[in-house]
Amino acid sequence: MNLNYSLTEIANWMDAKVIGDSNKVVKQVSFDSRSPLVNKFTLFFALKGTKSHGIDYVADFLKSGGELIVVENEIKELKATQLVVSNTLVALQVLAIHHRKKFNIPVIGITGSNGKTTVKEWLFHTLKFDFNIVRSPKSYNSQIGVPMSVLEMTDEHTLAIFEAGISEVGEMKKLAAIIQPTIGVYTGIGDAHQTGFKSLKEKEAEKRMLFEKVEVLFSPESVENADKIEIPFILQAAILNAQLVKITAQYLGLNTTQIDRALLTLPTISMRMEKMEGVNGNILINDAYTFDERGLEIGLKTLLLNTQNRSRVLVLAPDLQYEVQKSLNEIIKASDLDTLVWIHPQAYPFPSKFKCIHIKSVEDFIQRQLTFKDSIILFSGSRSQQLERSIPLYQLRKHITRLEIDLSAIRHNLTEYRKKLAKKSMILAMVKAQSYGSGSVEMGKFLSAEKIDALGVAYADEGVLLRKAGITLPILVMNPEEGAFDNMIDYHLEPSIYSLNILDQFLNRLILKNIKNYPIHLKIDTGMHRLGFVNEDFNELIATLNAQPEVYVKGVLSHLATADDASEIAFTNQQIATFQEATKTIEKGIGYSFIKHIANSAAAINNPNAQFDMVRVGIGLFGLMDNVHAEFEQSLSFKTQISQIKIIKIGDSVGYGRRFRADKKTTIAVIPVGYADGLFRGLSNGKWQVKIGDQFAPIVGSICMDMCMVDVTNVICNEGDEVMIFGWDQSIYEMANALQTIPYEIISSISSRVHRVYVD
Ligand SMILES: *Cc1c(COP(=O)(O)O)cnc(C)c1O
């Protein structure tokens with residue numbers, strides 16, 4: 001960041017009261033005291049987060065050499081200049097708005113449900129030789145990320161590309177004022193599926209507010225009749241994104257040949273850093289796909305946050321053309337490294353306190369295989385250097401075929417739910433069926449640590465496992481079976497009682513054990529017509545409850561049949577109304593109140609009137625509720641490695657039944673995943689493609705029980721390379737579509753022999 005504003009000027013814009021010496025200059029802003037770049041010109045905004053408050057970091061900030069802070073309440077006796085404002089986030093945004101107004105260059109604003117970051121990075125890839133571009137780093141597209149990105153604009157830039165993401169009504173207006181785009185790019189609202197038209201429309205209208213003042217807008221409609229293009233990807237979404245890139249580049253004056261050439265080499269966009277376990281107790285952070293100073297700053301921040309007692313190592317392989325700036329040294333210096341591995345033909349030009357190992361090329365780095373121990377190693381490099389090729393040398397290879405569960409994504413999704421629950425409803429996480437395939441004990445422990453209010457399982461055995469693992473949260477059992485009652489009572493699991501018959505049996509057991517006041521939930525059938533009490537049962541139910549001191553009603557629940565389908569909103573509302581009636585009747589009948597809960601993942605988001613006292617979320621925690629709510633992150637990836645590669649001749653066939661026959665010389669890779677692992681046989685012979693590096697390889701022939709074969713004729717790969725079957729950029733929705741099923745079935749079918757690996 002390279003600002004140059006007087007503090008008084010900034011205070012004026014923000015309508016701030018200045019306390020302390022106002023004769024200061026601001027060169028950059030920060031909202032994170034752990035940011036490596038803090039000095040006396042840094043203006044620190046104490047923002048309120050969901051979990052933390054910037055105020056708590058003021059001391060850190062001052063210790064790192066900062067002197068200027070923006071706060072909402074004056075802090076007494078502080079040796080710093082304070083700007084007191086009524087809202088620190090608004091103040092940051094106001095500063096960005098003023099900064100933006102100084103520039104008269106084309107500014108591309110991108111929004112839409114999917115592919116914002118991809119389109120942004122692809123535009124950069126296509127336009128970088130013709131413009132000096134400033135763009136949002138990674139997927140910085142929020143109420144904080146957007147102003148931070150806009151503040152990066154300087155006089156030297158000739159084009160800006162910013163993305164905007166929203167999660168609530170009203171947010172886009174603010175982002176539009178900050179970005180002030182002149183060119184709009186809309187990536188669309190995604191595949192609507194069964195999700196609702198009305199709310200979808202609303203969402204779309206909100207998103208389109210970014211474009212109110214643009215001179216031109218490119219959207220999926222603009223490319224409906226576009227010519228075919230050639231890109232290294234085959235997914236429909238990728239083609240659409242590339243077409244948007246193409247017309248935008250044309251509008252900016254690039255010629256078709258130039259653009260088409262750039263499209264042929266579009267990179268895969270890795271939006272986040274991968275963290276993994278290395279050999280020798282190392283932790284590796286892979287950020288080897290793009291390189292710029294802002295990105296490096298973010299990478300180093302991740303390194304600092306994860307250091308614990310490890311030595312800090314940065315492996316840096318910038319582009320050969322990269323001209324080393326002093327600012328690079330400042331960023332690196334601030335992160336207190338132990339070792340820098342500098343991969344570049346020229347030596348690192350600055351004197352430094354840390355150990356500096358100079359290696360001339362990534363090839364040499366791979367040849368030399370340096371040894372690190374108990375270190376945290378950040379691999380950062382420009383795409384052209386392909387530094388990621390060196391990572392397998394340092395990676396701990398425990399599991400070949402594995403389901404990776406990204407705990408930080410689940411944490412993020414949980415936070416999204418907490419934000420969206422209007423009332424302070426409690427959250428019960430459904431962890432039935434091995435927690436949707438992700439492992440019930442590990443998930444139970446993780447969710448306990450994240451302070452979830454309760455857990456839900458299908459069968460008592462699943463609850464017993466959780467208890468044996470030391471989990472003390474309330475646990476609701478949806479299908480209490482008579483044979484498991486003793487276990488349920490001994491392990492204090494709460495049954496969902498759904499019939500007079502089950503209630504009787506359960507009471508008998510409690511009477512035998514001489515137990516009083518045992519918590520139960522009553523399940524009402526409000527239209528799903530699965531388990532549950534119906535109206536006709538209520539009189540007898542209430543009479544029984546009133547006569548028996550063995551139980552008390554802790555909760556009353558029901559389940560919605562169409563919460564994920566807005567066209568059935570009337571039915572959902574009918575179910576909710578029936579539920580309300582039923583709870584009223586029961587409340588009146590038994591004379592006390594209880595926890596009411598009916599919403600699943602979809603209803604918790606889509607139907608505020610379904611939230612009641614508690615919601616029960618399952619699929620939403622994995623970011624797989626629908627592909628409209630882009631604010632949720634997909635948290636499961638199914639991965640393996642190539643076992644063998646072979647070349648076959650024209651006419652040769654592959655696999656059982658010879659269902660694939662080569663019509664040219666073909667390279668085949670064998671991967672150790674079959675239908676017994678949960679890779680459905682219906683995906684055979686081209687119905688699905690796996691991803692190797694950033695390229696796609698279609699499945700050829702029939703999927704076997706333990707293995708399958710993929711066509712890698714056009715993929716650069718080696719035995720042992722990682723293969724992604726599905727994951728955050730290989731959508732489970734598309735796999736579900738190909739199989740005419742839903743993500744639930746796919747993830748709960750990953751068999752138990754597939755290792756579960758938890759990453760955070
Ligand atoms: C599985 C289940 C849920 C969670 O459903 P999602 O669609 O995964 O959120 C909620 N309630 C009951 C009764 C369930 O069986």
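Residue numbers run from 1 in the order of the sequence given. Note that these values count all heavy atoms, side chains included, but never hydrogens, waters or copies made by symmetry. Atoms within each ligand, like the ligands themselves, are counted from 1 in listed order.
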Legend entry - Residue part near ligand 1, for Arg530, under 4.0 Å between non-hydrogen atoms: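 The part of Arg530 near ligand 1 is the side chain, not the backbone.
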
Inset, instruction - Record the part of Lys432 in heavy-atom contact with ligand 1 below 4.0 Å; permitted values are side chain, backbone, both and neither. - result: side chain

Inset, instruction - Using a strict 4.0 Å cut-off to heavy atoms of Tyr436, name the atoms of ligand 1 that fall inside it. - result: 1 (C), 4 (C), 5 (O), 6 (P), 8 (O)

Say whether [X], considering both its backbone and side-chain N or O atoms, lies within less than 3.5 Å of an N or O atom on ligand 1.
{"X": "Ile619", "value": "yes"}
{"X": "Leu557", "value": "no"}
{"X": "Lys523", "value": "no"}

Inset, instruction - Answer yes when Asp525 and Arg530 have at least one side-chain N-carboxylate O distance shorter than 4.0 Å, and no when they do not. - result: no

Legend entry - Non-hydrogen atoms of Leu510 and Val551 that approach each other most closely: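 Looking at all heavy atoms of both residues, the closest pair is CD1-CG1, 3.4 Å.
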
[X] and [Y] aromatic centres sub-6.0 Å:
{"X": "Tyr498", "Y": "Phe533", "result": "no"}
{"X": "Phe632", "Y": "Tyr417", "result": "yes"}
{"X": "Phe506", "Y": "Tyr518", "result": "yes"}

Legend entry - Nearest option to atom 12 (C) of ligand 1, as decided by whichever heavy atom of Met625, His597, His559 sits closest: His559

